[in-house]
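Data block below; observations after.
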Amino acid sequence: MDERRGSTEAQDVYGTRIRLSRDGLRYGEEFVPFEKMGGRQAEPQVIYNPGTKLSEVAVYRSDGPDLVVKNLPLHTAEQLRAAIIAALRGRHA
């Protein structure tokens, strides 16, 4: 994860950009604003895929399909999850 200019950026193992900004989360061409995150579960979850030995971060939306950020090393997935949680808590404080 690389923090610059108020945003956090990373890439999955295939080079797809992940950017967490003040407005929300962008994964490739998809964008989920913070006000749409939530619903069934407020916090994103890290899911480990033993077949690929990579992890996923499931970001729940209050409406529409969930956003699943795939093909991440476990450490990156955990950092992304923590950054999203911190950003969500900061917005609700």
Side-chain angles (χ1 to χ4, degrees):
M1 303 293 284
D2 180 27
E3 295 183 29
R4 295 184 200 151
R5 290 177 260 147
S7 67
T8 301
E9 296 186 20
Q11 292 182 346
D12 67 13
V13 296
Y14 298 108
T16 303
R17 289 185 61 194
I18 304 158
R19 183 167 186 248
L20 184 65
S21 68
R22 288 180 269 204
D23 301 323
L25 175 68
R26 179 169 301 282
Y27 177 51
E29 299 298 318
E30 280 200 76
F31 179 74
V32 180
F34 283 119
E35 58 267 3
K36 299 289 183 178
M37 290 184 193
R40 296 185 308 274
Q41 292 182 333
E43 294 184 352
Q45 299 297 313
V46 174
I47 304 158
Y48 180 72
N49 182 337
T52 63
K53 296 188 173 144
L54 295 171
S55 297
E56 303 174 348
V57 177
V59 179
Y60 302 103
R61 297 186 203 200
S62 57
D63 60 354
D66 299 333
L67 174 64
V68 180
V69 180
K70 298 180 179 185
N71 304 313
L72 299 172
L74 181 58
H75 182 71
T76 302
E78 289 174 345
Q79 284 183 321
L80 178 61
R81 178 182 185 271
I84 293 169
I85 291 170
L88 286 170
R89 287 185 181 150
R91 293 181 64 82
H92 294 9

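At a threshold of 4.0 Å, the pair Lys70-Asp12 does not count as salt-bridged, since none of the basic side-chain nitrogens sits closer than that to a carboxylate oxygen.
Here the closest non-hydrogen pair linking Tyr48 and Ser55 is CD1-OG, 3.6 Å. Shortest non-hydrogen contact noted between Tyr27 and Val68 is CE2-O, 3.6 Å.
Between the side chain of Arg19 and the main chain of Arg26, no donor-acceptor pair closer than 3.5 Å is present. Listed for the Ser62 side chain is a donor-acceptor partner under 3.5 Å among the backbone atoms of Lys36.
Note on Tyr60: it does not cluster hydrophobically with Phe31, by side-chain heavy-atom contacts below 4.5 Å among ILVMFWY residues. No single ILVMFWY cluster, assembled from side-chain heavy atoms under 4.5 Å apart, contains both Ile47 and Leu25. Ile85 and Val57 are not part of a single hydrophobic cluster, where members link through side-chain heavy atoms under 4.5 Å apart. Leu54 and Val59 fall into different hydrophobic clusters, where Ile, Leu, Val, Met, Phe, Trp and Tyr side chains are chained together by heavy-atom contacts under 4.5 Å.
Taken to the nearest 0.5 Å, the CG atom of Leu72 stands 10.5 Å off from the CD atom of Gln79. Distance CD/Gln45 to CD1/Ile84: 11.0 Å, rounded to 0.5 Å. Here the CZ-CD distance, from Arg89 to Glu43, works out to 5.0 Å after rounding to the nearest 0.5 Å. Atom CD of Glu35 is separated from atom CG of Asp63 by 10.0 Å, given to the nearest 0.5 angstrom. Here CD of Glu9 is found 10.0 Å from CG of Leu20. Values are rounded to the nearest 0.5 Å. Here the CD atom belonging to Glu56 is positioned 11.0 Å from the CG atom belonging to Leu67, to the nearest 0.5 angstrom.
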